[in-house]
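Along the sequence shown, residues are numbered consecutively beginning with 1. Just so it is clear, the values below take in all heavy atoms, side chains as well, and ignore hydrogens, waters and symmetry mates.
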Amino acid sequence: MSLITDIQKYSIHDGDGIRTTVFFKGCALRCQWCHNPETQNTGRELLCHTESCVGCGACVEICPAHAVCIQEGKAWTDREICTACGRCTEVCNLNLREIAGKEYTVDDLVKELKKDEMFYEESGGGVTLSGGEVMLADMDFVEAVAKRLKAAGIHVAIDTCGYAPRANFERLLPFVDLFLYDIKTMDTAVHKKYMGFGNEQILENLEYLNHAGADIYIRIPTIKGVNADEKSMRAILSYLKEKQIRVLQINLLAYHNTGSAKYARLGRAYEGDALCAPSGEEMQTFADLFQEAGYKVKIGG
């Protein structure tokens with residue numbers, strides 16, 4: 001069994017063609033702009049639309065952990081006590097409560113993913129295993145899924161930040177067609193400030209995949225104040241050239257805050273309020289920089 005937060009069908013931003021993207025639970029990094037914060041922690045979590053609550057009290061009465069009470073006319077949940085059992089989601093008539101994290105068996109997940117084989121075949125798409133960080137999930141589970149998909153002739157991509165043990169990459173490599181690999185900054189101090197950890201392990205794993213002959217798309221989340229400047233982009237370019245990383249495509253991903261509302265629903269503060277996206281002109285300048293160096297570049301996923 002493994003915890004999945006979402007299975008997004010007809011995805012066109014997580015690799016080539018029409019894809020189904022699977023979001024696994026758990027990630028070691030804490031990127032300040034993360035738009036899937038519900039995938040960061042490994043366990044099930046409760047999301048609440050507290051601002052729309054009418055204070056009916058149904059969730060208070062049914063909670064077996066006594067984690068919910070009414071404060072100022074709205075249901076408030078003590079997350080230190082909440083077990084994310086989901087009982088409150090069943091009685092909320094306004095559907096203001098949901099649980100992030102549903103258990104799947106390998107058989108159930110593969111069965112669901114194979115439903116759209118026709119779309120994969122017609123579009124040159126496939127399945128993308130993402131997160132959170134899929135390379136930190138139960139590797140028995142992930143390997144079994146990737147192996148089954150590969151055997152069925154379905155293209156398998158891994159969307160990864162690279163912050164995971166090398167052994168996990170070694171184990172999965174035979175069953176993966178493409179790695180969508182994040183590089184956020186070459187400056188390890190900046191990486192630690194905005195992501196929580198340095199980038200040493202990430203770069204080491206990228207170099208391993210390159211030497212192993214993996215197909216790689218480099219994805220660069222592009223954020224003003226973090227890396228959306230010529231110096232930062234040239235540093236990434238110099239690294240790729242120096243290490244002779246064989247990159248099939250570079251994706252420049254402009255910052256967006258579409259996931260910021262999820263933080264309040266998880267009882268957390270969003271730390272990315274000061275961040276913003278580069279202009280279209282700036283994004284094109286960065287794209288031109290990589291294109292002039294001989295790389296295929298796409299702005300967006």
Side-chain angles (χ1 to χ4, degrees), residues 1-11 20-113 115-116 129-134 136-138 140-142 145 196 256-273 275:
M1 295 283 236
S2 194
L3 280 178
I4 307 294
T5 63
D6 192 17
I7 299 175
Q8 183 177 310
K9 299 198 172 192
Y10 211 85
S11 174
T20 299
T21 303
V22 183
F23 294 88
F24 284 78
K25 263 285 206 171
C27 182
L29 298 187
R30 288 296 181 269
C31 302
Q32 290 186 11
W33 59 85
C34 178
H35 54 274
N36 291 318
E38 74 280 9
T39 67
Q40 291 178 344
N41 295 335
T42 56
R44 284 160 52 97
E45 291 179 276
L46 176 69
L47 288 87
C48 306
H49 297 262
T50 305
E51 69 282 356
S52 300
C53 177
V54 297
C56 72
C59 53
V60 177
E61 295 178 9
I62 202 169
C63 178
H66 306 292
V68 191
C69 64
I70 301 297
Q71 292 188 358
E72 298 180 356
K74 298 182 183 295
W76 177 82
T77 302
D78 186 337
R79 293 179 181 275
E80 293 187 3
I81 300 174
C82 175
T83 62
C85 68
R87 295 288 301 279
C88 62
T89 68
E90 299 169 1
V91 298
C92 181
N93 292 328
L94 298 179
N95 296 318
L96 302 179
R97 292 173 164 254
E98 60 183 303
I99 296 295
K102 178 181 177 181
E103 285 190 334
Y104 279 83
T105 65
V106 171
D107 287 342
D108 288 342
L109 182 57
V110 171
K111 181 180 179 181
E112 185 65 29
L113 297 175
K115 288 180 180 179
D116 293 323
L129 305 179
S130 184
E133 177 48 65
V134 63
L136 287 176
D138 180 341
D140 288 339
F141 185 96
V142 178
V145 170
H256 63 79
N257 66 351
T258 54
S260 59
K262 296 180 183 178
Y263 287 80
R265 296 171 197 162
L266 288 163
R268 303 184 212 165
Y270 180 62
E271 298 181 355
D273 284 333
L275 304 175

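- Atom SG of residue C31 and atom CD of residue Q40 lie 8.0 Å apart, to the nearest 0.5 angstrom.
- When every heavy atom of L3 is checked against every heavy atom of G101, the shortest pair comes out as CD2-C, 3.7 Å.
- Of the inter-residue distances, the one linking N257 atom CG with Y270 atom OH reads 5.5 Å to the nearest 0.5 angstrom.
- With a 6.0 Å radius and a threshold of 12 heavy atoms from other residues, nucleotides or ligands, K102 has its NZ atom at or below the threshold.
- Nearest heavy-atom pair, Y263 versus A269, reported as atom, atom and distance to 0.1 Å: CD2-O, 3.7 Å.
- With rounding to the nearest 0.5 Å, the separation of CG in D140 from CE in M1 is 15.0 Å.
- In terms of heavy atoms, L266 sits closest to L46 at CD2-O, 3.9 Å.
- Of the possible donor and acceptor atoms, none in the side chain of N41 sits under 3.5 Å from a partner among the backbone N and O of G43.
- Salt bridge R265/E98: absent, no basic N to carboxylate O contact under 4.0 Å.
- Considering every non-hydrogen atom in both T39 and F24, the closest pair reads CB-O, 3.7 Å.
- Atoms CD1 and OG1, on I62 and T89 in that order, are 9.0 Å from each other to the nearest 0.5 Å.
- Atom OG1 of residue T5 and atom CD1 of residue I99 lie 12.5 Å apart, to the nearest 0.5 angstrom.
- Taken from CD1 in I70 to SG in C56, the straight-line distance is 7.0 Å, to the nearest 0.5 Å.
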Item to check | Residue pair L113, I7: steps toward the side-chain contact (heavy atoms from CB on, under 4.5 Å) verdict | outcome: CA-CA 9 Å; L113 297 175; I7 299 175; 4.3 Å; yes
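- The environment of CD in E80 is sparse: at most 12 heavy-atom neighbours from other residues, nucleotides or ligands sit within 6.0 Å.
- Side-chain contact between C69 and W76 is present, with heavy atoms from C-beta onward closer than 4.5 Å.
- Here the side chain of K74 pairs a donor or acceptor atom with the backbone of E51 at under 3.5 angstrom.
- Two residues are said to be in side-chain contact when any heavy atoms from C-beta on lie closer than 4.5 Å; L94 and S52 fail this criterion.
- Among all heavy-atom pairs drawn from R97 and A75, the shortest one is NH2-CB, 3.7 Å.
- Between the side chain of K262 and the main chain of H35, a donor-acceptor pair closer than 3.5 Å is present.
- Taking the charged nitrogens against the carboxylate oxygens, E112 and K9 do have a contact shorter than 4.0 Å, which makes a salt bridge.
- For the pair F23 and G131, the tightest heavy-atom approach, listed with the atom from each and the gap, is CD2-O, 3.2 Å.
- Side-chain contact between E133 and L29 is absent, with no heavy-atom pair separated by less than 4.5 Å.
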